[in-house]
There are 2 protein chains.
Amino acid sequence: MSAAETEVGPDSGPGLRERKKQRTRDALVRAALTLFTSNGYEHTTVDEIAEAVEVSQRTFFRYFAGKEDAAFAVHRIAEAHFIQAVRGRPPHEAPLEALRQAVLEGWHTIHEAVESVVPAELQMRMYHLIESTPTLLAAHMRRSAETEEAVARLIAEREGVDVDRDLRPRVVVALFSGLMRLAERRWGAGSDMSVAAMHELTSTYLDAMGPALAGSWRTERP
Amino acid sequence: MSAAETEVGPDSGPGLRERKKQRTRDALVRAALTLFTSNGYEHTTVDEIAEAVEVSQRTFFRYFAGKEDAAFAVHRIAEAHFIQAVRGRPPHEAPLEALRQAVLEGWHTIHEAVESVVPAELQMRMYHLIESTPTLLAAHMRRSAETEEAVARLIAEREGVDVDRDLRPRVVVALFSGLMRLAERRWGAGSDMSVAAMHELTSTYLDAMGPALAGSWRTERP
DNA sequence: GAGGCTAGTGACAGCCACTGACAATTGACA
DNA sequence: TGTCAATTGTCAGTGGCTGTCACTAGCCTC
């Protein structure tokens, strides 16, 4: 066993079986996203997706928990990358700053990782679709909530506090995530879906936090 | 027509038909919540709900868009009351303060309105169920997002700014809502589900905003 | 390198949420 | 009381999703 591992080289990694599975899975994701974005989520049946890849409907459900699950295959990648980006921030940074930098700097990595599975343009259209499809939007927000919880724990660990006793980790993550969601929504609504555009929106919204919390919006500084 | 209205008195308001409809609807909500909370959301079929009220399944779907819709019948009431509470805040209050007071003061009204349809204890158990049922949690968060948008528009109007040009309305509402969601989660998790408990949690989380945004959590003031 | 093992798959049957169409019923109102 | 319209039940059908069972094809052992 150990002999084979060291001898055959790096490409022996996954066996034939494993590679075939990966190919089927990727094909299903691509077919699903393509059909979703061109015919709409609700009007795409699982049968159609399965047929496009020439597998049985049953097989589709062996790869994905449901239609919805397939729709977020790419988002899962992005989330994992974001978590990694947060984990990689230097410990001296303030929590909010660490989150901010994680998004800003992590974006390029995320973009690349995603593009290796589906073309960027397809993913962009998925963003629009998610925003405009109630079912998908709901799922998206629940997923985000889960990521939030994970990030809160990360921040708590980083700062050496107990996430269940100290309110600050969850609070700062909740505030940050709320703003990111606004930025995301605006980003998806506009036509410029570049990484640069997301950078700018992120900064803009984060910078709007102070003014929004100000006592009164109507009084000018005397 | 006008004669009948003035003569028969206040109880003539809704006709027999209308009252019967209301009774059916309320019965469906109660049956649904009861079954949901005792057997679980996923394990409750629409047929069971309909049967409990002795109507056909088709009728259930004429009252509710879906199973999910029935689960949030009570939440709808609460949301409407909250919006009204915000609308009723004096215009001189700062936006964040207006939101805070709307929740704190609106809570009693909400509680009463809800209790007129289903017993409070049942509603409490629904809270737990929503938090622990992925499908319901997703729906809940999407609904909250819709309410947020409505409140943001309200705040913008109140402050006389354009909700699409000025970031502050949506930002302040997003921040506030994020905290309310944390409070709500904690409230549902604890055993004290009184209005007073919610008051305290709301205040606690809102007061944690400043400290959470502080530059560093580790350095003490010198 | 033959045969057993097991993961992956397809085919089929069935549950349940949800919808459309049409007929029967019942409150409203002249 | 008879007509109209709203409400409801019945029936049939679609589509997401799951359980089951038999079969095929990589993989492993002897």
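Here is the naming used below: chain letters follow the sequence lines, and residue numbers restart at 1 for every chain. Keep in mind that what you see is a predicted model, and the values were worked out from it rather than measured.
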Should we count CD of B:Glu115 as having more than 12 external heavy atoms under 6.0 Å?
-> yes
Report the nucleotide, chosen from C:dA17, D:dC17, C:dT9, that has the shortest atom-to-atom distance to any side-chain atom of A:Thr24.
-> C:dT9
Please give, in whole Å, the distance from C:dC15 C1' to B:Glu42 CD?
-> 14 Å
For the side chain of B:Arg62, starting at C-beta, report the closest nucleotide among D:dT10, D:dG16, C:dA17.
-> D:dT10
For B:Ser56, answer base if it contacts any base atom (sugar-phosphate contacts may also be present), sugar-phosphate if it contacts only those atoms, and nothing otherwise; contact means non-hydrogen atoms under 4.0 Å.
-> base
Return the 5'-most residue of the pair B:Phe60, B:Arg17 with respect to DNA chain D, ranking by each residue's nearest nucleotide.
-> B:Arg17
Kindly state whether the ring of A:His75 and the ring of A:Phe82 have centres lying under 6.0 angstrom apart.
-> no
More than 12 heavy atoms of other residues, nucleotides or ligands under 6.0 Å from CD of B:Glu157: is that the case?
-> no
Could you state the atom-to-atom distance from CZ of A:Phe64 to P of D:dG15 in whole Å?
-> 21 Å
Take B:His140 and B:Glu184 through the test side chain to side chain donor-acceptor pair (under 3.5 Å) and record every step on the way to the result.
-> CA-CA 12 Å; B:His140 178 47; B:Glu184 178 186 74; 3.1 Å; yes
Looking across every strand, which nucleic acid part, if any, lies under 4.0 Å from B:Thr135 by heavy atom: base, sugar-phosphate, or nothing?
-> nothing
For the pair made of CD in B:Gln22 and P in C:dG27, what is the distance, rounded to whole Å?
-> 17 Å
Expressed in angstrom and rounded to an integer, what is the separation of B:Tyr41 atom OH from C:dC16 atom C1'?
-> 12 Å
Gap between atoms CD and P, on B:Glu18 and C:dC29 respectively (whole Å) = 11 Å
Between B:Lys21 and D:dT7, is there a side-chain N or O to OP1/OP2 distance below 4.0 Å?
-> yes
Starting at the 5' end of DNA chain C, what dot-bracket string do you get if Watson-Crick and G-U pairs under 3.5 Å are bracketed, crossing pairs use [ ], other-strand pairs use | and unpaired bases use dots?
-> ||||||||||||||||||||||||||||||
Could you check A:Thr135 against A:Glu42 for side chain to side chain donor-acceptor pair (under 3.5 Å), going step by step and ending with a plain yes or no?
-> CA-CA 9 Å; A:Thr135 313; A:Glu42 311 284 4; 3.0 Å; yes
Closer to the 5' end of DNA chain C via nearest nucleotide, is it B:Lys20 or B:Gln57?
-> B:Gln57
Between atom NZ in A:Lys67 and atom C1' in D:dT14, what is the gap in whole Å?
-> 12 Å
Under the salt bridge (charged side-chain N to carboxylate O under 4.0 Å, His left out) criterion, do A:Arg143 and A:Glu146 qualify, and how do the steps go?
-> CA-CA 5 Å; A:Arg143 295 176 55 77; A:Glu146 278 164 21; 5.6 Å; no
Cut-off 3.5 Å, side chains only: do B:Asp192 and B:Ser194 have a donor facing an acceptor?
-> yes
Output yes when at least one side-chain N/O atom of B:Tyr63 is less than 4.0 Å from OP1 or OP2 of D:dT8, else no.
-> yes
Among C:dA28, D:dC11, C:dA17, which nucleotide sits nearest the side chain of B:Arg58?
-> D:dC11
Protein-nucleotide distance (A:Phe61, atom CZ; C:dA11, atom P), rounded to Å = 16 Å
To the nearest Å, give me how far apart CZ (A:Arg23) and P (C:dT9) are.
-> 11 Å
